[in-house]
Colleague: 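Quick one: structure below, then a few questions.
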Amino acid sequence: KVVSSRPRISVESLEDAEERLHSLEAGLLEHPPRIASKFFYDEQGCALYEAICQLDEYYPTRTEKAIFERYRSEIACHLPQGGQWVDLGCGDGSKSWPWLPAVAASRYVGVDIAKDWLGSTLMTGAQRCPGMEFLGVVTDFTRPLLLRAVMRSNTTLPPIFFYPGSSIGNFTPAEALQLLCAIRAHLGPEGRLLIGVDAPKDAQMLEAAYADSLGITAAFNRNVLRVVNRLIGSNFIPQRFNHRAWYNQEENRIEMHLVAREPQTVQIGTRRCQYELGDTIVTEYSYKYSPERFEALLGMAGFKEIRRWSDPASLFNVYVAAP
Ligand code: AVI
């Protein structure tokens with residue numbers, strides 16, 4: 001349990017809370033039941049995800065970091081200088097900080113669903129880069145991306161949309177295409193997308209990354225049931241579910257599930273839902289894209305000039321895409 005001395009104060013939009021309740025309840029009543037992966041990231045979920053990123057088995061974070069460190073100045077040559085840095089899913093902002101001087105950014109727009117983090121992320125950025133302007137935006141990428149109102153004119157301050165960590169893989173390819181189209185629509189002539197995307201590979205390596213030996217990913221997965229209980233008043237008992245993750249080769253995706261360890265009844269809204277031994281709840285898909293497939297997706301979204309950097313073992317790819 002994360003022990004925090006901060007007072008537990010939060011502010012909610014009534015419409016958002018209502019919509020969340022409906023979508024969670026509807027997902028849980030689907031066949032198979034589903035919890036959207038955005039619900040992983042409460043305070044405890046964010047801490048567990050940070051721990052996952054440090055695991056030996058979880059290669060994407062360190063591989064992407066190595067590509068960035070090795071090729072930063074080369075990549076920066078293909079990005080506009082002096083523009084605005086739009087950090088999609090900024091978290092603590094740490095992946096962005098080394099880029100801001102590399103592209104002489106004059107403005108930082110941090111976008112995240114986790115509003116509790118945003119304030120301290122912006123403060124950290126402002127301390128590191130005095131003179132730059134910092135703005136935080138709370139939104140959820142499963143909604144239409146509408147950032148034009150908060151971005152300064154994109155011709156005087158060309159935007160660089162930064163979407164690292166293969167977060168695009170947590171959408172279905174159709175949803176990913178929609179998001180890429182929305183990003184493309186925000187760019188103007190000089191804007192660019194800088195995105196990190198995990199590649200398909202040996203199933204054993206992939207499965208180890210999502211079912212680590214310390215059980216951190218299992219805790220991350222089960223934690224979502226605590227989040228759901230808090231948000232919709234259900235009474236899931238996380239220990240009654242096993243974490244399972246496997247690579248679905250046909251779909252090129254890791255699937256994460258919570259599998260009932262025993263028959264049980266769970267109160268969800270006004271319904272009592274019965275789970276039998278082995279029944280599963282889908283909690284996450286993590287799609288992996290070969291360069292050919294991802295470049296085709298970028299092309300469909302209207303990107304024309306695409307450049308790619310990779311690690312020596314081709315585990316992970318970083319792309320700069322221009323309209
Ligand atoms: C945030 N996202 C890119 C991670 C992934 O690899 O799909 C989330 C994650 N799930 C389990 N481990 C990490």
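Reckoned from all heavy atoms, side chains included, excluding hydrogens, waters and symmetry mates. First listed ligand is number 1; within each ligand, the first listed atom is number 1.
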Colleague: Tyr41 vs Phe220, test: ring-ring contact (aromatic ring centres under 6.0 Å, His included). Steps then yes/no.
Modeller: CA-CA 9 Å; Tyr41 301 97; Phe220 173 73; 5.7 Å; yes
Colleague: Hey, are Glu19 and Arg143 close enough for a salt bridge, meaning a charged N less than 4.0 Å from a carboxylate O?
Modeller: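 Answer for the salt bridge query: yes.
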Colleague: Compute the shortest N/O to N/O distance between Lys288 and ligand 1 and return yes if it is under 3.5 Å, no if not.
Modeller: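 No, Lys288 has no N/O under 3.5 Å of an N/O on ligand 1.
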Colleague: Looking only at heavy atoms, is any part of Phe40 under 4.0 Å from ligand 1, and if so is it the side chain, the backbone, or both, or is it neither?
Modeller: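 It is neither; nothing of Phe40 touches ligand 1.
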Colleague: With the threshold set at 4.0 Å, does a side-chain nitrogen-carboxylate oxygen contact exist between Arg293 and Glu295?
Modeller: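 Judged by the 4.0 Å cut-off on N to carboxylate O distance, Arg293 and Glu295 do not form a salt bridge.
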Colleague: Quick check on contacts: which atoms of ligand 1 are under 4.0 angstrom from a heavy atom of Gly165?
Modeller: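 Here the atoms of ligand 1 in question are 3 (C).
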Colleague: Testing the basics here: between Pro32 and Thr280, what is the closest heavy-atom pair and its distance to 0.1 Å?
Modeller: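 Heavy atoms of Pro32 and Thr280 come nearest at CB-O, 4.3 Å.
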Colleague: Compute the centroid of each ring, for Phe141 and then for Tyr163, and state whether the two points are separated by less than 6.0 Å.
Modeller: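 Aromatic pair counts; centres sit under 6.0 Å.
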Colleague: Does Arg72 qualify as a cation-pi partner of Trp99, given the criterion of NZ or CZ under 6.0 Å from the six-membered ring centre and within 45 degrees of its axis?
Modeller: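 Yes - Arg72 lies over the ring of Trp99, closer than 6.0 Å to its centre and within 45° of its axis.
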Colleague: Looking only at protein heavy atoms, which one is nearest to atom 2 (N) of ligand 1, and how far off is it?
Modeller: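 Result: Asn170 OD1, 2.9 Å.
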Colleague: What are the atoms of ligand 1, with element, lying closer than 4.0 Å to any heavy atom of Phe220?
Modeller: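 With Phe220 as reference, the close atoms of ligand 1 come out as 10 (N), 11 (C).
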Colleague: Check ligand 1 against Ser166 and write out every atom of the ligand that is under 4.0 Å from a heavy-atom position of the residue.
Modeller: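 Matching atoms, with element in brackets: 3 (C).
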Colleague: Using a 4.5 Å cut-off on heavy atoms from C-beta on, say whether the side chain of Phe162 contacts that of Leu88.
Modeller: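 No - every pair of side-chain heavy atoms lies 4.5 Å or more apart.
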Colleague: Counting only nitrogen or oxygen atoms and a 3.5 angstrom limit, does Tyr58 reach ligand 1?
Modeller: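 Tyr58 vs ligand 1: N/O contact under 3.5 Å present.
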Colleague: Answer yes or no: does an N/O atom from Glu284 fall short of 3.5 Å to an N/O atom of ligand 1?
Modeller: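 In this structure, Glu284 places an N or O atom under 3.5 Å from an N or O of ligand 1.
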Colleague: What I want to find out is whether Lys95 reaches Asp87 closely enough, with some N-O distance under 4.0 Å, to be called a salt bridge.
Modeller: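 No, no charged N to carboxylate O under 4.0 Å.
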Colleague: For atom 7 (O) of ligand 1, what's the nearest protein heavy atom and its distance?
Modeller: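 Of every protein heavy atom, Ser286 OG, 2.7 Å lies nearest to atom 7 (O) of ligand 1.
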Colleague: Using a 4.0 Å heavy-atom threshold (strictly under), name the region of Tyr41 that reaches ligand 1: side chain, backbone, both or neither.
Modeller: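 Just the side chain.
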Colleague: Is Pro60 close enough to touch ligand 1? Criterion: a residue heavy atom under 4.0 Å from a ligand atom.
Modeller: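 In this structure, Pro60 fails to qualify as a contact of ligand 1 - no heavy atom is under 4.0 Å.
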